[in-house]
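These figures come from a predicted structure and were not determined experimentally. Side-chain atoms are counted along with the backbone in the values below, which use heavy atoms only and exclude waters and symmetry mates.
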Amino acid sequence: AFGSYMTNIVSLAGDAVGSLVDIVAITAIYIGLKLSERKASTKFTYGFHRIETVASLAISITIIFLGYRIFVESYNRIFIAAQTSAHLIGIITAIISIGVSLFAFHYHKKEGESINSKALIASAYDKRNDALVSSGVLFSVIADKFHIPYVEGILGLAIACLILYSGIKYGKEALLYLLDYWDNPEITQQI
């Protein structure tokens, strides 16, 4: 957010909003995991293990919303040039964001796979998307510094499409899991 404020580069603002959404999402995952550990009750005779998948679905919806917002802002940036400054702050901010996102991707993926958490794995891939977004932001800050038009908007559109694809893919997986869908002929034959 500071980098965006200092440079007036909209892609840095989008990255900051994405980070805020990530904080909310990881909090939802944590709460979902804690609630899913609860024992079965009279109202929930099978337990609470699906709460974590609901959190995964909520994260996917958040990813889709974020992708949409980035798409809209990037589209607008193609047609509207903004006065920008302090490009070195923007470059440093983007590099830090890339490093943190890649660390979080590897950590969340490893932890998600070790405890078989769909929500944590979805969050890991969101972190990978964040690193890609931050790489695009870095490229757009550099392009803006050298007065190369349209780069921020066009690159933002491409990144937004990737984010939308990931959100839809992981949302679909979570929804199918919640609906007890499977596509395995061997299991069907056994049943």
Side-chain angles (χ1 to χ4, degrees), residues 1-30 56 58-113 119-171:
F2 175 75
S4 172
Y5 175 76
M6 294 300 293
T7 62
N8 194 33
I9 295 176
V10 73
S11 57
L12 283 171
D15 210 14
V17 170
S19 295
L20 178 62
V21 168
D22 289 342
I23 291 169
V24 171
I26 200 69
T27 303
I29 290 171
Y30 177 77
S56 179
I59 291 167
S60 297
I61 291 168
T62 303
I63 292 169
I64 292 167
F65 176 75
L66 177 60
Y68 170 75
R69 293 295 306 152
I70 291 171
F71 188 90
V72 169
E73 290 298 323
S74 298
Y75 179 80
N76 290 336
R77 197 46 80 128
I78 290 173
F79 302 106
I80 301 170
Q83 184 67 27
T84 58
S85 62
H87 291 93
L88 182 60
I89 291 172
I91 291 169
I92 291 169
T93 302
I95 290 171
I96 290 170
S97 183
I98 292 167
V100 170
S101 296
L102 288 175
F103 172 79
F105 165 68
H106 291 293
Y107 180 76
H108 287 179
K109 186 174 182 218
K110 184 178 102 178
E111 291 300 314
E113 289 171 350
L120 207 49
I121 292 170
S123 176
Y125 284 100
D126 182 44
K127 300 298 176 249
R128 183 198 63 189
N129 291 343
D130 289 346
L132 291 172
V133 168
S134 296
S135 297
V137 168
L138 175 62
F139 185 71
S140 68
V141 170
I142 293 169
D144 188 74
K145 178 174 178 45
F146 293 107
H147 307 290
I148 302 171
Y150 311 116
V151 170
E152 184 176 13
I154 292 170
L155 194 58
L157 288 173
I159 292 169
C161 289
L162 175 67
I163 292 169
L164 287 168
Y165 171 77
S166 295
I168 291 168
K169 177 183 174 188
Y170 293 110

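Taking F79 as the reference, Y75 meet the ring-ring contact (aromatic ring centres under 6.0 Å, His included) condition, with sequence neighbours excluded. Legend: residues meeting side chain to side chain donor-acceptor pair (under 3.5 Å) with D144, ordered by chain and number and at least two apart, are T84, H87.
Counting heavy atoms from C-beta outward, I78 and L157 have side chains that approach closer than 4.5 Å. At a threshold of 4.5 Å between non-hydrogen side-chain atoms, the residues I142 and F146 count as touching. In this structure, V151 and F139 have side chains that are in contact, with non-hydrogen atoms separated by less than 4.5 Å.
Distance check: L88 CG to M6 CE gives 11.0 Å after rounding to the nearest 0.5 Å. To the nearest 0.5 angstrom, I61 atom CD1 is 11.5 Å from I168 atom CD1. The line from CG of D130 to CD1 of I98 is 11.0 Å long, rounded to the nearest 0.5 Å. The distance from atom OH of Y5 to atom CD1 of I89, rounded to the nearest 0.5 Å, is 11.5 Å.
Distance alone, capped at 3.5 Å, is enough to place a donor-acceptor pair between the S140 side chain and the V137 backbone. In this structure, S101 contributes its side chain and N129 its backbone to no donor-acceptor pair below 3.5 Å.
The two atoms that bring L164 and Y68 nearest to each other are CD2-N, 3.7 Å, heavy atoms only. Closest approach of G3 to T93, counting heavy atoms only: CA-OG1, 3.8 Å. Between G171 and S60, the shortest heavy-atom contact is N-OG, 3.0 Å.
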Side-chain donor-acceptor pairs under 3.5 Å in residues 102-110, sequence neighbours left out?
unit_1	atom_1	unit_2	atom_2	d
H108	ND1	S123	OG	3.3

